[in-house]
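So the structure is just underneath, and the comments pick up after that.
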Amino acid sequence: MKEASVSETPTLDPIVLARLTGRLGDHATISKLCASLGDVFAEFLPDMLESELGFEVAVSYAGFETGKYGPLVEGLGGAMAFCDASLRDWCDRFTLICDSPMIITLVENMLGAVSDTIEDPEPRPLSKIELDLAAMMFDRISGVVKTAVNGANGFEPFLGPAHNAETRKAADDGSDDTFVAMVNMAVGIGPVLSTFHIVVPQSVLLKSNIAAPKPANVAKTRVEWSEQLGEQVRRSKVTLEARIRLEAQTLDTISRLQAGDIIPFNETGDVRVDVNANGRNLYVCEFGRSGARYTVRVKDTYGSEDELLQHIIG
């Protein structure tokens, strides 16, 4: 006698299930929503930035991409600045991304460089001070998002720290498998063309009513932006390193040095010390002491104030 076969319940295709549960939209609907959000950025962000920065900035919608969060974001590669954000009553997690040339060019212009003379920067991880300034740009971008989406109820976006793609870790809560849409925006600062991106879960985007904000909601003064930049630079901590040239020794002597041995300074008078930050020489100093602490006194610089600032930031 044959055993009765047990019928298995057929499993639903994950894509079909995602569509049925509102986590995945059709191409036409997502395309329309992404274009609407892109149009809001293209309309309002240039005027806002130009009024604050004092130089022309062009912003335009550059299409969209869809997929799962992890592979889509990883496909952008390195040399990008990231910021994870949330907006109460709209989205628990969306991500803002700027490519590094955008931030580097922005910093150079804020330091007084002429846009037409700036060349395309090589993509690279951003320095700490550049990341501080990237955070301010993310704040402006998130402000436009806030005013463009319906249902935020006046809450302010919460922004995580700005960080380089190279330090980013994969999420361990399964959110990297979320179906998302990535809105791509092109930014022109002088001859430099760069990009920023907004990555939003499709489940959130499908429920969003995107409308252009009132100009008064996004407009701020150039004075405020400049003051914030200046304050951010002043509050950013930079590690200084002092190097003292020592008396030359033979390799034989160096190989036999032990704890307690002494190597004299190269100079017999005032000891010259080179002070640098981020690998760039900034000051020529002399070695000394103040009470029980060793000190260096600045005697000369390696450039003007603007040049030193650019060295430190870069």
Checklist entry - Side-chain contact, heavy-atom cut-off 4.5 Å: Ile263 with Leu257? => result yes

Open item on the list: Quick one, Ser208 with Trp90, criterion side chain to side chain contact (heavy atoms under 4.5 Å, CB included). Give me CA distance, side-chain angles, the key distance, then yes/no.
Closed with: CA-CA 8 Å; Ser208 300; Trp90 182 65; 2.8 Å; yes

Looking at Ile254, I'd like to know if its CD1 atom is crowded, meaning that more than 12 non-hydrogen atoms belonging to other residues, nucleotides or ligands lie closer than 6.0 Å.
yes

Does the side chain of Cys91 reach to within under 4.5 Å of the side chain of Ser86, using non-hydrogen atoms?
no

Residues passing the ring-ring contact (aromatic ring centres under 6.0 Å, His included) test with Phe196, sequence neighbours excluded, are Phe41

- prompt: Does a side-chain heavy-atom distance below 4.5 Å link Leu193 with Val187?
  reply: no

Would you call Lys128 and Leu131 a side-chain contact if the rule is heavy atoms closer than 4.5 Å? no

**Asked** Hey, are Glu130 and Arg124 close enough for a salt bridge, meaning a charged N less than 4.0 Å from a carboxylate O?
**Response** yes

### Message
For a 4.5 angstrom cut-off between non-hydrogen side-chain atoms, does Thr195 reach Asn184?
### Response
no

Sorted by chain and residue number, the side chain to side chain contact (heavy atoms under 4.5 Å, CB included) partners of Pro264 (sequence neighbours excluded) come out as Glu247, Gln249

* So, does Asp26 use its side chain to make a donor-acceptor pair with the main chain of Thr29 at under 3.5 Å? -> yes

Taken to the nearest 0.5 Å, the spacing of Tyr61 OH from Leu37 CG works out to 8.5 Å

Scanning both residues in full, the closest heavy-atom pair of Ala165 with Gly78 reads CB-CA, 4.2 Å

TODO: Would you indicate whether the side-chain heavy atoms of Gln202 and Leu33 approach each other to under 4.5 Å?
DONE: no

For His163, the side-chain hydrogen bond (donor to acceptor under 3.5 Å, both in side chains) test, sequence neighbours excluded, returns Arg168

When every non-hydrogen atom of Arg256 is compared with those of Asp261, the smallest separation belongs to O-OD2, 4.0 Å

>> Could you check whether Arg93 makes a cation-pi contact with Tyr69, meaning its NZ or CZ is under 6.0 Å from the centre of the six-membered ring and within 45° of the ring axis?
In response: yes

Check whether any side-chain heavy atom of Phe138 sits under 4.5 Å from a side-chain heavy atom of Leu133, and report yes or no. no

- Task: Please tell me if the side chains of Phe82 and Thr95 come closer than 4.5 Å, counting only heavy atoms from C-beta onward.
- Result: yes

One should read off an interatomic distance between Cys98 SG and Ile104 CD1, to the nearest 0.5 angstrom, of 12.0 Å

Walk me through it: do Val180 and Val200 pass the test side chain to side chain contact (heavy atoms under 4.5 Å, CB included)?
CA-CA 5 Å; Val180 297; Val200 183; over 6 Å; no

Step by step, would you call Leu159 with Ser142 a side chain to side chain contact (heavy atoms under 4.5 Å, CB included)? CA-CA 8 Å; Leu159 303 182; Ser142 68; 3.8 Å; yes

Next item on the list: May I ask you to check whether His27 and Phe64 place their ring centers less than 6.0 Å from one another?
Entry: yes

